[in-house]
J.: 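I have a structure I would like to understand better, so I am pasting it below and will then ask my questions one at a time.
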Amino acid sequence: MTSQTLRNSNWFAALKLDRVASGMAYGLILIHFAALFSLLLVLLSTAAKAEDLACGAKDLVGELKKSDPAAYAKLKEAGDKIKNSGYRFWKIEKQGEAPDWLLGTIHLSDPRVTNLPPEAKAAYAGSDTIILESDEIVDPKAASLKLFAKPDLMMFSDKKTLIDYLSPEDQKVLEKSLMARGIPLGSVVKMKPYVLSSMLSLSTCEMARKARGAPFLDMKLAVEGQAAGKQVKGVETLAEQMEAMASLPTEFHVRSLISAARYPQYTADMMETTLQLYLQGQIGLVFPAGAYFAPEKSDSDFKDMALFEEKLITIRNHHMADRADPMLAKGNVFMAVGALHLLGDQGLVELLKQKGYKATPIM
């Protein structure tokens, strides 16, 4: 599927945004993208004190709703245009089989996320099989060893380092941002930029929870499901997820990394905003909100974002649907994947409908 096709058929056509801040969007998708990054954060996190669940960040959309109802209404209208944008939990049915369930997740350890709502908790408890993006997250140590067996996906293997891709000004910005987390730039210059972006895109509170061993939602579902005797299966490997990220140009990843480093408060606020939108079942508002509040926008970002969505969302959606289909066909399955995979004409909900399933929104 080409970027032009994607532009015509998916989120961009629905949003009708003239300019999208790709650095913003990149950070938001990292929240949802892969359990992979949560595993990396466990390995790379430094200690931090969590003062409150929001970690000092603001819900930008919540504040806008109070301060400027007209602007909020226009923003919400943009989000509502995205198909299936108003729900994070679905009942999936095929005639003759017990119903299945589909939950959109955020790969966070925040208790506001990990404590499932009653409807999802009951469906999870009664299921026989749990499907996740990757079943490798059941054993973080083994999963990490598999990733480190492919160092080219995480590190520059040639003579280049991250500094080779930075202007002097950008290097200063990144050094300052990393040092705020106790990480000298010199110690991470061989890391691929998307590994560092995964660190800077999450709050110090989230990193502290992970450093203490708190499981993110998907991992919690996997571990507790396995302990309860359920089958735990995946539709991707962590290496496949990393390869999808690595398939994008290094320059794009660097631009996104510097954006996260240059605007830490915006990054933190959008994390809290995204979490609140998720809890409220307004997932489709995430991208319009990110673009609305972004401190910088560029016309070239639209092309970058189209490629990002194609590689990291749409193509993976099709893989997930194809691989999950034979498992879902048996019935009584609880499937949980990143919430952004549920949205749009090429989202999992629509792709499963095309495979003969009936999809009913629950919440």
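Atoms considered below: every heavy atom in the structure, side chains included; atoms not considered: hydrogens, waters and symmetry mates.
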J.: So which atom in A123 and which in F89 form the shortest heavy-atom distance, rounded to 0.1 Å?
T.: CB-CZ, 3.8 Å

J.: Apply the test salt bridge (charged side-chain N to carboxylate O under 4.0 Å, His left out) to residues K192 and D152: give CA-CA distance (whole Å), side-chain angles for both, the deciding distance (0.1 Å), then the verdict.
T.: CA-CA 9 Å; K192 293 291 179 72; D152 288 356; over 6 Å; no

J.: Show the nearest heavy-atom pair for residues I82 and G344, with the distance to one decimal.
T.: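 Shortest heavy-atom separation between I82 and G344 comes out as CG2-N, 4.0 Å.
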
J.: For K76, does the NZ atom sit with more than 12 other heavy atoms under 6.0 Å from it, leaving out its own atoms?
T.: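 Result for NZ/K76: open.
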
J.: Walk me through whether K190 and L162 qualify under side chain to side chain contact (heavy atoms under 4.5 Å, CB included).
T.: CA-CA 6 Å; K190 292 298 289 185; L162 181 60; over 6 Å; no

J.: Taking all atoms of both residues into account, what is the closest heavy-atom pair of T267 and L200, and its distance?
T.: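 Shortest heavy-atom separation between T267 and L200 comes out as CG2-O, 3.7 Å.
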
J.: If you define the side chain from C-beta out and look only at heavy atoms, does anything of M271 sit under 4.5 Å from L108?
T.: yes

J.: Side chains of S109 and E206, heavy atoms from C-beta outward: is any pair under 4.5 Å?
T.: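 Of all side-chain heavy-atom pairs linking E206 with S109, at least one is under 4.5 Å.
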
J.: Please check if the distance between the ring centroids of F252 and F308 is under 6.0 Å.
T.: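 Yes.
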
J.: Please determine whether a side-chain nitrogen of the Lys or Arg among E97 and K330 lies less than 4.0 Å from a carboxylate oxygen of the Asp or Glu.
T.: no

J.: So, are K74 and E77 salt-bridged, with charged N and O less than 4.0 Å apart?
T.: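 Answer for the salt bridge query: no.
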
J.: Is it the case that over 12 heavy atoms from other parts of the model lie below 6.0 angstrom from the OH atom of Y87?
T.: no

J.: How long is the straight-line distance from CG of L196 back to CE of M191, given to the nearest 0.5 Å?
T.: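 Going from the CE atom of M191 to the CG atom of L196 covers 6.5 Å.
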
J.: Between K358 and K94, is there a side-chain heavy-atom distance shorter than 4.5 Å?
T.: no

J.: Could you check whether any side-chain N or O of S134 sits under 3.5 Å from a backbone N or O of G234, counting only pairs where one atom can act as donor and the other as acceptor?
T.: no

J.: Would V254 end up clustered with V188 when hydrophobic side chains under 4.5 Å apart are linked, directly or stepwise?
T.: yes

J.: Sequence neighbours left out, cut at 3.5 Å: what donor-acceptor pairs do the side chains of residues 226-233 make with other protein atoms?
T.:
| from | atom 1 | to | atom 2 | distance (Å) |
| --- | --- | --- | --- | --- |
| K230 | NZ | Y124 | O | 3.1 |
| K230 | NZ | A125 | O | 3.0 |
| K230 | NZ | S127 | O | 2.7 |

J.: So how far is it from L343 CG to E309 CD, rounded to the nearest 0.5 Å?
T.: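 One finds 9.5 Å between CG of L343 and CD of E309.
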
J.: If we ignore hydrogens and angles and just use 3.5 Å, is the side chain of N317 paired with the main-chain N or O of Q346 as donor and acceptor?
T.: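 Judged by distance alone, yes, a pair lies under 3.5 Å.
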
J.: To the nearest 0.5 Å, tell me how far I163 CD1 sits from F156 CZ.
T.: 10.5 Å

J.: Does Y165 form a side chain to side chain contact (heavy atoms under 4.5 Å, CB included) with T250? I'd like the steps, not just the answer.
T.: CA-CA 8 Å; Y165 295 91; T250 299; 3.7 Å; yes

J.: Any ion pair linking K160 and D158 (charged N to carboxylate O, less than 4.0 Å)?
T.: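 K160 and D158: not salt-bridged.
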
J.: Going only through I, L, V, M, F, W and Y residues with side-chain contacts under 4.5 Å, is there a path from V173 to M179?
T.: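 No, separate clusters.
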
J.: Do D164 and K159 pass the side chain to side chain contact (heavy atoms under 4.5 Å, CB included) test, and can you show the C-alpha distance, the side-chain angles, and the key distance before you say yes or no?
T.: CA-CA 10 Å; D164 292 317; K159 294 182 179 180; over 6 Å; no

J.: To the nearest 0.5 Å, what is the distance between CG on L75 and CD on Q282?
T.: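 Separation between the atoms: 9.5 Å.
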
J.: Using the rule that two of Ile, Leu, Val, Met, Phe, Trp, Tyr join whenever any of their side-chain heavy atoms come within less than 4.5 Å, decide whether I283 and L351 are in one cluster.
T.: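 Cluster IDs for I283 and L351 differ.
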
J.: Do V61 and Y72 come within less than 4.5 Å of each other through their side chains, counting heavy atoms only?
T.: yes

J.: Taking atom CD1 of I106 and atom CG of D218, what is their separation to the nearest 0.5 Å?
T.: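 Answer rounded to 0.5 Å: 10.0 Å.
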
J.: Rounded to the nearest 0.5 Å, what separates atom CG in L221 from atom CG in L103?
T.: 7.0 Å

J.: Would you name the heavy atoms of D269 and A57 that are closest together and state the gap between them?
T.: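 Residues D269 and A57, closest heavy atoms: OD1-CA, 3.5 Å.
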
J.: So, E240 and K311, do they make that salt bridge, N to O below 4.0 Å?
T.: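 Judged by the 4.0 Å cut-off on N to carboxylate O distance, E240 and K311 do not form a salt bridge.
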
J.: For I258, is there any backbone N or O sitting under 3.5 Å from a side-chain donor or acceptor partner on Y263?
T.: no

J.: I need the minimum non-hydrogen distance between S197 and S256, along with the two atoms involved.
T.: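 Residues S197 and S256, closest heavy atoms: OG-C, 4.4 Å.
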
J.: Side chains of L348 and V337, heavy atoms from C-beta outward: is any pair under 4.5 Å?
T.: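 Of all side-chain heavy-atom pairs linking V337 with L348, at least one is under 4.5 Å.
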
J.: Angle class for the Y194/H253 ring planes (parallel below 30°, perpendicular above 60°, tilted otherwise)?
T.: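 Perpendicular: the ring planes of Y194 and H253 meet at over 60°.
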
J.: Would you say the side chain of L328 lies within less than 4.5 Å of the side chain of Y357, judging by non-hydrogen atoms?
T.: yes

J.: Does the S259 side chain pair with the main chain of R255, one donor and one acceptor, at a distance under 3.5 Å?
T.: no

J.: So F216 and H107, would you call those rings parallel, tilted or perpendicular, with 30° and 60° as cut-offs?
T.: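 Correct class here is perpendicular.
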
J.: Taking only residues at least two apart or on different chains, which pairs with a member in residues 58-68 satisfy side-chain hydrogen bond (donor to acceptor under 3.5 Å, both in side chains)?
T.: none

J.: Walk me through whether Q276 and E272 qualify under side-chain hydrogen bond (donor to acceptor under 3.5 Å, both in side chains).
T.: CA-CA 6 Å; Q276 291 296 337; E272 177 65 18; 2.9 Å; yes

J.: Give the intermediate values and the outcome of side chain to side chain contact (heavy atoms under 4.5 Å, CB included) for residues N84 and E350.
T.: CA-CA 9 Å; N84 303 323; E350 292 305 305; 2.9 Å; yes

J.: Which heavy-atom pair separates E175 from L185 by the least distance, and what is that distance?
T.: CG-CD2, 3.3 Å

J.: In this structure, would M320 and I131 fall into the same cluster of hydrophobic residues linked by side-chain contacts under 4.5 Å?
T.: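 Cluster IDs for M320 and I131 match.
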
J.: Do L312 and L248 have side chains that approach each other closer than 4.5 Å (heavy atoms only, starting at C-beta)?
T.: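 Yes, their side chains come closer than 4.5 Å.
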
J.: Should the pair E169-R262 be classified as a salt bridge under the 4.0 Å nitrogen-to-oxygen rule?
T.: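 Yes, this pair counts.
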
J.: Is there side-chain contact between V235 and H319, with heavy atoms separated by less than 4.5 Å?
T.: no

J.: Going by side chain to side chain contact (heavy atoms under 4.5 Å, CB included), L238 matches just one of E136, E243, K150. Which one?
T.: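 With L238 as partner, E136, E243, K150 yield a single side chain to side chain contact (heavy atoms under 4.5 Å, CB included), made by E136.
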
J.: Quick check: are there more than 12 heavy atoms from other residues, nucleotides or ligands sitting under 6.0 Å from NZ of K172?
T.: no

J.: Give me the one residue out of D110, N115, T114 that meets side-chain hydrogen bond (donor to acceptor under 3.5 Å, both in side chains) with R112.
T.: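 It is D110; the other options fail the test.
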
J.: Assess whether a salt bridge exists between E310 and R316, defined as any Lys/Arg side-chain N lying under 4.0 Å from an Asp/Glu carboxylate O.
T.: no

